[in-house]
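Accompanying notes for the structure given below.
What's counted below: heavy atoms across the whole structure, side chains too, no hydrogens, waters or symmetry copies.
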Amino acid sequence: MIDAGCAGWRNFEDFKDRIIDRSKTSILAMLNIVGSGMRVANMSRTPFDMDGEATAKMALRYPGLIIGIKSAHLTVRNGPRTSRR
């Protein structure tokens with residue numbers, strides 16, 4: 001089973017201890033680029049808790065467990081608009 005990025009670099013080790021290590025099913029993980037992962041809805045939509053360096057460091061600590069990085073669903077306000085045709 002693959003977790004789709006619930007945890008970020010700030011809370012991955014807690015997620016690992018509470019979920020992955022206790023699961024009867026093998027779980028691999030995508031690491032969320034947002035430090036708090038998907039736990040705090042508003043933070044996952046802003047760049048303030050995104051840290052590429054901290055994300056990479058955590059991913060390198062668990063190379064057989066973290067198999068990729070999940071990018072956040074970032075909403076850009078007042079940014080470029082696309083036209084529909």
Side-chain angles (χ1 to χ4, degrees):
M1 176 180 294
I2 299 174
D3 172 74
C6 290
W9 56 270
R10 289 186 193 274
N11 59 2
F12 179 77
E13 291 179 324
D14 180 58
F15 176 74
K16 179 184 174 300
D17 292 343
R18 292 174 182 252
I19 306 298
I20 295 173
D21 292 347
R22 297 178 186 190
S23 176
K24 292 180 182 179
T25 303
S26 177
I27 300 175
L28 300 175
M30 301 286 286
L31 185 64
N32 200 310
I33 195 164
V34 175
S36 58
M38 291 193 258
R39 287 188 178 177
V40 182
N42 291 338
M43 286 300 288
S44 69
R45 295 190 181 104
T46 67
F48 302 113
D49 198 30
M50 296 179 193
D51 187 332
E53 187 173 333
T55 300
K57 285 179 182 178
M58 183 59 71
L60 290 172
R61 288 178 75 177
Y62 299 97
L65 186 57
I66 297 174
I67 60 168
I69 308 299
K70 181 206 184 306
S71 63
H73 301 283
L74 181 61
T75 300
V76 178
R77 297 178 195 266
N78 300 321
R81 301 191 186 276
T82 57
S83 62
R84 294 184 184 195
R85 292 181 183 187

Begin from the C-alpha positions of D3 and M30 and carry the test side-chain contact (heavy atoms from CB on, under 4.5 Å) through to its verdict. CA-CA 6 Å; D3 172 74; M30 301 286 286; 5.5 Å; no
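- Interatomic distance, CG of L28 versus CG of L65, reported as 6.5 Å (0.5 Å rounding).
- A search for salt bridge (Lys or Arg N to Asp or Glu O under 4.0 Å) contacts involving D21 returns K16, not counting sequence neighbours.
- No donor-acceptor distance shorter than 3.5 angstrom exists from the side chain of N32 to the backbone of C6, with no hydrogens or angles considered.
- Counting only distance, with no hydrogens or angles, the side chain of N11 and the backbone of G8 share a donor-acceptor pair below 3.5 Å.
- Looking only at distances, no side-chain donor or acceptor of D49 sits under 3.5 Å from a matching main-chain atom of V34.
- In this structure, Y62 and L31 have side chains that are not in contact, with every pair of non-hydrogen atoms separated by 4.5 Å or more.
- Residue pairs meeting the salt bridge (charged side-chain N to carboxylate O under 4.0 Å, His left out) criterion with at least one partner in residues 58-68, sequence neighbours excluded, are E13-R61.
- In terms of heavy-atom proximity, I69 sits nearest to A59 at CD1-CB, 4.2 Å.
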Should I20 and F12 be marked as a side-chain contact (heavy atoms from CB on, under 4.5 Å) after you check the CA-CA gap, both sets of side-chain angles, and the distance that decides it? CA-CA 10 Å; I20 295 173; F12 179 77; 4.1 Å; yes
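- T55 places a side-chain N or O within donor-acceptor distance of the main-chain N or O of D51, the cut-off being under 3.5 Å.
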